[in-house]
Each structure stands twice: as C-alpha cells, then as structure tokens.
Amino acid sequence: MAKKITFSPAMIDALCEGSLADPLTPGLAIEVLKSGKKRWRYRRQVARQKVVATIFGGLFPAQSMAEAREWARELNSQTEAGIDPRAVQRAEKVRNEMTVAKAHGLYMIAVHEGRSSRAKRINKPRTIKDKMDVYNHDIGPALGNRNIYEVTERDLIKLVEAKGKTAKVRANRLAAELKVIFGWAASLRGLEVGLETDPSKRLGDLRFPEKARTRKLSHLELEWFLQALAEEERDFQRGMLLCLLSAARISEMARARSDEIVNGVWVIPSARAKNSFEHKIALGPWGRSLMQTNHEWIFPALTIDGPRNNSVWYKCRDRVLARMEKLAGHPIERFTPHDFRRTARSNTKRLKVDFETAEAMLNHVKKGMERTYDLYEMEDEKRNWFLKWEEEVASIAKRVGVAAALGAPGAQTSIGYSFTVRITKGAGGRPSYNFDTAKSRSGEKSSQTNARITFPQMPEKGHRPD
DNA sequence: CGTTAGCCATTACGAACCCA
DNA sequence: TGGGTTCGTAATGGCTAACG
C-alpha cells in the first residue's frame with residue numbers, strides 16, 4: 001500500500017525548492033519560484049500529438065489545492081481529447097477581446113476591400129462615410145465596448161426603438177446597418193469575428209413606415225417659378241434651369257465640369273452617376289447656352305477652388321419660392337431640385353414621349369430582358385425629348401415675359417440683371433476685368449475670385465428690354 | 001455669407017422570392 | 001422558366017447649425 005498522504009497543503013508549505021507533482025491529478029504540480037513563492041503549473045502531453053502543453057496557474061495558497069485541481073481537471077479533459085489547451089486559451093483571449101468596436105473595425109476593412117457584402121462593387125465614399133456616421137453616432141457609444149458575442153437581440157431592438165423616437169427613417173437605416181454588420185460577423189465572410197448566432201436577424205420586423213415624395217410642379221407653378229427665377233443672379237438662373245431642363249440630379253448639375261461637354265452633349269461620367277452608368281444629355285440650344293463657361297467648373301465656387309456647395313442651391317430655392325408665393329398671392333408647397341425630375345417625368349406622357357425614353361431621360365436602368373438584350377442607348381430619342389421639353393419650358397417663359405431675362409433662345413438677348421466681374425492681374429500688373437455673363441465672357445481662366453457687382457436697380461416686373 | 005459637418009429622408013438598384 | 005413583386009441596402013437628396 002502506497003503512503004497515504006504524499007500531497008497535502010502541509011507538504012506544500014514544507015516545500016523549499018524544486019517542484020512536487022500531485023499524484024491524484026495528472027499534469028498538475030506545484031513549483032517553488034526563486035522568490036520563494038509557490039505557483040501551480042500544468043504540464044502534459046496532448047493526446048495523440050507530439051506536443052506538450054505547459055500552462056501556469058495562480059500562486060499558492062491564494063489558489064487553493066482544491067481550486068488548482070478543478071482547474072487542472074478542466075485542462076485534462078482538453079488534453080485527453082487531443083485538444084491543445086493553449087490553443088483554447090488563445091481563442092478565449094481573442095474572444096474576450098472581440099468587442100463590437102473591434103469587430104466593426106474588421107468589418108470596415110472588409111468594406112474597403114469589397115468583402116463586406118455579396119455586392120460586386122466596392123461601396124462609394126459617401127456610402128462608407130454614412131456607415132461610419134451611423135456607427136459613430138448610434139452604435140459605438142452604446143455597444144462599442146461590449147463583447148460582440150454577448151450582444152443580444154434585445155440590446156439591438158432597444159437601440160433601434162430609441163432611435164425611432166427621434167428619427168424613424170434613420171432608425172430603419174440603423175437597423176439595416178446593424179443587420180449588415182452582425183450579419184457579416186456571423187457569415188462565412190466574417191469568420192475572423194466568428195459570431196455563432198446573429199442577434200440582428202429579425203430586426204427587419206420593426207421597420208418604421210417610409211413614404212415617397214410625389215411633389216411636382218404644375219405649369220402654373222412653373223410660370224411663377226420662371227418669373228421668380230428671372231430675378232436671380234445669372235449663375236443661379238443657369239443652375240436651376242439646367243436642373244429643370246436636364247432632369248439631372250442636383251449633384252450632377254452642381255458638380256458638372258466643362259470637360260464633360262463633348263460636341264454639345266453633356267456626358268455625365270459613370271463615376272458621378274448614382275447608378276454608375278454614364279449618362280448622355282443632348283440638350284437643346286438653351287440648355288447648351290446655360291452650360292457655356294470657360295471655367296473648369298460649370299458652377300465655380302466663389303471662395304474656394306471647386307464647384308459651389310449644394311447648399312447654395314437650396315438657399316436659392318428658398319428665395320425663389322418666397323417670390324413665387326408673392327406672385328401667386330398664396331402659400332406654395334415647398335419643392336426641391338429633385339422634384340424637377342418628377343416634374344419632367346410627369347410631362348412625358350402629355351408631350352407624347354414613350355415610357356422607355358422617359359426612363360432613359362432619368363438614367364434609370366432597364367429591367368429584366370430589356371436590360372439583357374437591349375443595349376441601345378436611345379440617344380436620338382433622348383435628344384428629341386430634351387429639345388421638346390426645352391421648347392415647352394421656353395414657351396412658358398415667353399408667356400410670362402421672362403424668356404429674354406432667362407436667356408431663352410429666340411427671345412431678345414439680355415445680359416440679365418447682374419453679373420460677376422473677375423479681376424485678375426493683367427499685363428504690367430494692371431488689373432484685368434473679366435465680365436462673367438452668359439453673353440459676354442472673357443477667355444481669361446482664373447480661379448482667383450473677385451468682386452461681385454450686383455446692380456442695385458432691378459427693372460420693374462414685366463419689363464421688356466428694348 | 002459662403003462653406004462644411006452632421007443628421008435625417010428619399011430614391012432606386014439588384015437579388016430573392018413568388019406565381020402562373 | 002419568364003416576368004412581376006418584395007426586400008435589403010446602396011447611394012443619393014435635403015435641412016440646419018456651426019464655423020471662419
């Protein structure tokens with residue numbers, strides 16, 4: 001019979017150097033450190049493998065013998081099953097460190113590399129920025145420090161419902177983004193996070209209602225609009241008219257460049273189009289004159305090198321709308337530049353333009369078989385439409401007496417009521433004045449800005465130039 | 001006062017789904 | 001299977017306050 005007690009707390013106390021194995025727990029031993037402190041140690045060969053795993057435990061007696069044995073038993077169940085407990089520990093460490101913030105960081109890397117979704121295209125910069133905004137504003141502050149494996153469906157629902165209190169549509173976008181992030185982390189694409197269950201799976205069920213806009217301008221409203229627009233500076237006339245005549249998106253108009261005009265056709269490059277399809281707009285003579293400029297940008301900003309900021313167009317709209325209400329004598333429902341697209345689209349039927357052309361005019365993609373087999377770009381049809389629409393708008397302008405003021409073709413020429421003067425250094429250091437109007441414009445190309453002179457006297461309403 | 005950043009709302013593509 | 005509809009989400013538009 002073996003000695004009854006070969007391993008006890010008393011024996012550990014008595015131990016001064018070296019180590020002592022626990023005869024009852026394979027792999028477990030206590031060892032004396034140089035400092036004299038005693039530490040638990042686990043060392044055992046992993047079953048069916050050539051490797052020996054060594055793991056250090058806590059100090060004795062802070063970690064009692066019973067605790068150490070329990071600890072070692074757990075490790076033994078792993079080594080005996082052929083699992084290296086060090087690998088388990090590493091995985092646990094990674095797991096404990098996988099916060100929502102870290103997982104999101106990995107997700108964003110995947111986004112930049114185009115690995116985030118099934119989509120083939122890499123997200124556009126604005127989309128990526130929007131993703132970051134949603135995270136930084138709504139997800140990070142609430143969940144960033146949480147372990148992603150411990151986030152529950154309830155956590156996410158709470159987040160979306162809280163958002164819904166102040167911004168319903170945005171709450172839908174938040175839910176969508178949560179689905180994208182957690183869905184990725186739980187998918188084969190996001191194995192680096194390796195979420196087992198996706199807590200966002202059912203978030204789509206709490207969608208808040210959304211509604212589409214229906215606003216379009218009637219012909220009567222267009223009359224007021226054109227009259228009101230006639231009092232704007234020429235640049236604003238040009239921009240707003242271009243939106244109306246081309247049915248382009250505001251960003252397509254505002255950031256248009258001179259080199260996009262090829263043989264009189266405005267070619268919006270794929271990079272600037274919402275759907276990444278190049279869009280050719282063959283405008284009529286009026287539209288072409290509106291885009292006429294010697295500057296790099298069709299609508300150059302005043303104080304920076306670049307196009308005017310979008311917001312100026314909304315301010316212009318505000319001024320125009322206020323004048324329209326004065327002309328009408330009653331309030332007019334607010335409209336936006338995008339509503340011009342709807343306005344143009346809703347006029348196609350009346351002007352006997354077919355569905356296909358109408359869709360092509362808006363650069364909408366073809367669906368189904370049409371898309372597969374019909375690669376025809378409908379350039380001639382679009383050209384006809386833009387001319388027809390331009391003549392329609394011009395006739396409205398003529399009817400209310402602002403055709404000339406707006407520079408519509410066929411009307412008597414006018415320089416408008418205001419213009420920009422660009423002052424550049426000419427020969428011998430003398431200032432050179434360049435008049436920036438639709439009709440007269442110096443060939444001087446300059447980005448230095450300059451004085452804007454607006455004539456204080458506005459002609460009377462209905463005034464017709466001689 | 002023009003420009004920008006931040007936040008909320010719409011538009012619209014394309015894959016999934018569904019039905020004859 | 002083709003063709004319409006729904007669903008998920010990408011890609012914009014729209015508004016306002018802050019900034020310099």
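Chain A is the first sequence line, chain B the second, and so forth, proteins listed ahead of strands; every chain is numbered from 1.
Among the nucleotides B:dG2, B:dT4, C:dA10, the one closest to any side-chain atom of A:Val180 is C:dA10. For A:Arg173, counting side-chain heavy atoms from C-beta on, the closest listed nucleotide (B:dC8, C:dT9, C:dT16) is C:dT9. Minimum atom distance to the side chain of A:Asn309 is reached by B:dT4, of the listed B:dT10, B:dT4, B:dT3. Closest contact between the side chain of A:Ala301 and the listed nucleotides B:dC13, C:dA10, B:dT3 involves B:dT3. In this structure, the nucleotide among B:dG14, C:dT12, B:dG2 sitting nearest to the side chain of A:Leu302 is B:dG2. The nucleotide whose nearest atom lies closest to any side-chain atom of A:Arg341 is, among B:dA12, B:dT11, B:dC8, B:dA12. Comparing C:dG13, B:dC8, C:dT12 by their closest approach to the side chain of A:His338 singles out C:dG13. Taking every side-chain heavy atom of A:Lys179 into account, C:dG8 is the closest of C:dG8, B:dC8, B:dT3. Closest approach to the A:Ala167 side chain among B:dA9, C:dT12, C:dA11 is made by B:dA9 (side chain taken as heavy atoms from C-beta onward).
Distance A:Lys315 NZ to C:dA17 P: 11 Å, rounded to the nearest Å. One can place NE2 of A:His364 at 17 Å from P of B:dT10, the figure rounded to the nearest angstrom. Computed from coordinates, the A:Asn275 CG to C:dG13 P distance equals 12 Å when rounded to whole Å. Separating the CG atom of A:Asn123 from the C1' atom of C:dT12 is a distance of 13 Å, rounded to the nearest angstrom. Straight-line distance from the CD atom of A:Glu210 to the P atom of C:dC7: 13 Å, rounded to whole Å. Spacing between atom CZ of A:Arg308 and atom C1' of B:dC1 amounts to 11 Å, rounded to whole angstrom units. Between the C1' atom of B:dA12 and the NE2 atom of A:His279 lies a distance of 15 Å, rounded to the nearest Å. A straight line from NZ of A:Lys131 to C1' of C:dA10 spans 8 Å, rounded to a whole angstrom.
Figure legend: cation-pi geometry between A:Arg115 and A:Tyr107 absent, as NZ or CZ is not positioned both under 6.0 Å from the six-membered ring centre and within 45° of its axis.
Across all strands shown, A:Ala273 has heavy atoms under 4.0 Å from sugar-phosphate atoms exclusively, and none from any base.
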| task | Give the C-alpha distance, both sets of side-chain angles, the deciding distance and a yes or no for salt bridge (charged side-chain N to carboxylate O under 4.0 Å, His left out) between A:Arg126 and A:Asp130. | result | CA-CA 6 Å; A:Arg126 167 80 197 266; A:Asp130 201 41; 5.4 Å; no
| task | Test side-chain hydrogen bond (donor to acceptor under 3.5 Å, both in side chains) on A:Arg350 and A:His219 and set out the steps. | result | CA-CA 12 Å; A:Arg350 199 175 48 78; A:His219 268 49; 3.1 Å; yes
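Considering only side-chain N and O atoms, A:Lys124 lies under 4.0 angstrom from the phosphate OP1 or OP2 of C:dT12. A:Thr303 has a side-chain polar atom (N or O) that falls below the 4.0 Å cut-off from OP1 or OP2 of B:dT3. The side chain of A:Thr127 contributes an N or O atom lying less than 4.0 Å from OP1 or OP2 of C:dA11. In this structure, A:Arg249 reaches the B:dA12 phosphate: one of its side-chain N or O atoms is under 4.0 Å from OP1 or OP2. At C:dT12, none of the side-chain N or O atoms of A:Ser251 fall inside 4.0 Å of OP1 or OP2 (strictly under the cut-off). One finds no side-chain N or O of A:Ser311 lying less than 4.0 angstrom from the OP1 or OP2 phosphate oxygen of C:dT16.
With DNA chain C read from its 5' end, the first of the two nearest nucleotides for A:Asp318 and A:Arg207 is the one closest to A:Arg207. The residue among A:Arg213 and A:Val312 whose nearest nucleotide of DNA chain B lies closer to the 5′ end is A:Val312. In this structure, A:Lys211 and A:Asn310 both approach DNA chain B, and ranking their closest nucleotides by distance from the 5' end singles out A:Asn310.
Ring to ring, A:Phe340 and A:Phe225 are close: their centroids are under 6.0 angstrom apart. The aromatic ring centroids of A:His330 and A:Trp224 lie less than 6.0 Å from each other.
Between the side chains of A:Glu252 and A:His279, no donor N or O sits under 3.5 Å from an acceptor N or O.
The aromatic rings of A:Trp385 and A:Trp389 sit parallel, their planes meeting at an angle under 30°, below the 60° perpendicular limit.
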